[in-house]
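Take a look at the structure set out below.
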Amino acid sequence: MNQHSRSIDHKAHLLRKIMSQEQDYDPTHQMLLRPLHTPGYHTTLTSDAYPVVHPTHPSLLYAVGLLNTESPAYVQRACDIIRRVLALQDRDPSRDTYGIWPWFFEEPLTQMAPPDWNWADFCGKELVLAALLHGHRLAEDLREEIRQGVCCACDAIMIRDMGPHYTNISIMGAFVTLIAGELYARQDFTEYAIQRLEKLKQYTERLRTFQEFNSPHYSVIAVIELSKIYTYSMSPRAKEIANDLLDIGWRMVAEHYHPATQQWAGPHSRNYSTLLTKKIKSFLQIATEHRLSFFSDVELEYDTEWYGIGCRCPEVYLNLFITEEKKVLEQPYYRNEDTGFVKWAKTRITPRYTIGLFKNEIMWNQTRGLVAYFENHGAATYLQMRCLHDGYDYCSGVLSVAEEAGHLILGVRFLTNGGDTHPGLDRIEGCIDASDFRLRMEIGGCLDGVSMQTEGASAEVVINGLPLRLDNIFAAFDEQLDSNMKEQRCWNWEVTKLEQCIGLDFVIYAGERSTIDFHALDRAAFLFTLAIGELVDSLPEISIIEEDGHVTARAAAAPWNRLPHELSIAVKPNDIHPV
């Protein structure tokens with residue numbers, strides 16, 4: 001055994017986690033009581049009106065954790081929780097919410113905007129595990145209630161029939177239907193689950209990566225759910241597929257870990273925190289058997305869902321977590337076989353920093369299309385590019401990036417029929433109302449040893465002695481929002497100091513609330529360059545060409561890069577085209 005590895009006492013971690021949740025349990029409602037936390041869509045609840053709520057899935061997860069302790073004292077509480085949450089499921093087949101649950105006890109499905117159909121998968125997986133692992137400890141009537149609830153959830157999953165592009169839900173739905181089919185002798189569920197896994201395997205192996213590419217949050221979920229299939233299913237084929245997909249997932253995780261900053265290098269297709277959370281760090285520490293030592297055993301943030309699933313990084317990939325070497329990872333993460341359209345991701349890893357980019361992607365709040373991490377006196381400083389509509393990430397901004405040897409050309413253009421806060425839930429239909437609209441190069445994490453200065457369209461940043469230079473090289477936003485904008489704009493960087501980060505802001509509009517009509521804009525595009533390290537002192541000559549509805553920035557060959565590189569983006573906002 002490696003000198004850094006040691007066995008994990010999962011039962012001790014489970015008991016410690018269960019005891020830490022004692023204060024969250026509300027015996028009156030027989031559910032957990034937690035502060036309201038949402039991503040900004042699906043729910044209509046606000047923290048002002050509902051500072052605390054009773055969440056459905058976390059309560060079921062807690063119930064399964066209680067049962068996993070095997071303590072007789074916890075059985076009744078677990079049963080009470082399961083009964084209470086089961087009662088919130090829609091069991092009416094005539095409604096489109098059939099088989100799913102609301103997020104919160106306080107908000108029925110009819111109030112959500114819209115309901116989250118993923119909750120058939122999330123809640124269903126906890127219920128089927130409770131029945132599989134602890135059915136013998138439950139009353140007969142509760143076992144029957146769980147069976148009915150699980151079968152309704154399976155119906156909802158099969159009716160929705162989510163495809164393999166939605167990685168974590170594709171896996172999760174397969175797990176629920178597979179285990180339910182095996183547990184309740186429902187061949188229709190089992191056959192559906194195997195077919196769903198076969199589709200996911202075929203889809204994933206085309207590019208040898210997940211559609212939810214390099215997502216810290218959802219890659220962990222994918223690994224957990226695949227581990228459950230491998231551990232709990234009786235199907236040899238399901239186990240084989242799960243094992244093959246686990247290999248793909250773990251390789252992606254290990255390749256993108258950056259030892260110097262102890263961060264998960266970008267780009268990230270979906271993420272909720274630019275810096276790794278304590279929970280994800282704890283997962284990596286446990287899965288690598290303490291080769292990564294973020295915390296002591298007591299400090300680890302253990303998730304009860306990890307108990308009993310045998311989740312461990314394959315030996316062949318463990319050294320990738322501790323090996324410091326320069327490397328460039330470049331791969332497609334999406335390809336449309338009919339149109340030939342391909343999306344590319346690129347990651348550059350060096351001992352002092354790592355930078356990850358998507359070559360062309362929307363600027364959703366979950367997407368990290370340009371994210372860098374810098375070693376800063378034993379801590380991590382991050383840099384992330386964002387497009388903000390009244391302070392929230394704007395989905396209809398599109399970031400394009402070309403990179404060579406640490407020199408980047410960045411382009412931002414705009415869509416006319418994309419989303420505002422979410423890619424699909426709130427389409428803008430060409431216009432938005434805004435009092436503030438800006439691009440931000442956000443710098444966060446460890447801010448000690450970080451300095452910056454701006455001069456017009458240029459900004460210089462130093463992170464632990466490593467210089468960065470950011471220049472605006474093209475700016476066009478033609479619509480006249482007010483009389484003050486009829487005059488020639490001076491595009492400058494501004495420094496905005498926030499509570500936990502600093503924004504280098506490129507303000508497009510700030511003032512009275514006005515309508516921005518993207519259909520009316522003939523020219524709305526921005527180009528920037530970003531240089532890192534010694535390249536700051538040897539910047540290449542940049543030429544700008546605007547023709548045929550596109551603007552192109554071309555960097556001349558330089559001593560550090562013998563070949564020129566360029567980026568071209570559309571100047572006029574346009575519709576999303578099928579990809």
What's the separation between atom [atom1] in [X] and atom [atom2] in [Y], rounded to the nearest 0.5 Å?
X: S269; Y: Q211; atom1: OG; atom2: CD; value: 8.0 Å
X: E107; Y: L45; atom1: CD; atom2: CG; value: 4.0 Å
X: E361; Y: S400; atom1: CD; atom2: OG; value: 9.5 Å

If you measure only the distance, is there a donor-acceptor pair under 3.5 Å linking the side chains of [X] and [Y]?
X: Y307; Y: H13; value: no
X: T44; Y: Q111; value: yes
X: T274; Y: R368; value: yes
X: N464; Y: E375; value: yes

remark   = By side chain to side chain contact (heavy atoms under 4.5 Å, CB included), N118 pairs with (sequence neighbours left out) D116, F122, R160, Y166, I169
ask   = In chain order, what residues pass the side chain to side chain contact (heavy atoms under 4.5 Å, CB included) check against D433, with sequence neighbours excluded?
value = R513, T515
For the student: nearest non-hydrogen atoms of [X] and [Y], plus distance:
X: V371; Y: P267; result: CG1-CA, 4.3 Å
X: N365; Y: P39; result: ND2-O, 4.3 Å
X: S219; Y: V253; result: CB-CG2, 4.4 Å
X: L245; Y: K201; result: CD2-CA, 4.1 Å

Which class fits the ring pair [X] and [Y]: parallel under 30°, tilted 30 to 60°, perpendicular over 60°?
X: F437; Y: Y394; value: perpendicular
X: Y257; Y: F321; value: tilted
X: H42; Y: W103; value: perpendicular

key: Qualifying salt bridge (Lys or Arg N to Asp or Glu O under 4.0 Å) pairs, either residue in residues 49-58, two or more places apart   = none
request  = Please find out if less than 6.0 Å separates the ring center of F358 from that of Y333.
outcome  = yes
ask   = Looking at F506 versus F528, is the centre-to-centre ring distance below 6.0 Å?
value = yes
Residue pairs passing the ring pair (Phe, Tyr, Trp, His ring centres under 6.0 Å) test where at least one lies in residues 365-384, sequence neighbours excluded = Y353-F374
key: Test applied, side-chain contact (heavy atoms from CB on, under 4.5 Å); reference residue, I355; option that passes from T347, L370, I349   = L370
query = Are any non-hydrogen side-chain atoms of L246 and R312 less than 4.5 angstrom apart?
reply = no
task = Only counting residues at least two apart or in another chain, list the ones meeting salt bridge (charged side-chain N to carboxylate O under 4.0 Å, His left out) with E255.
result = R251
remark   = Hits for ring-ring contact (aromatic ring centres under 6.0 Å, His included) against H422, two or more places apart or cross-chain, chain-then-number order -> Y41, W364
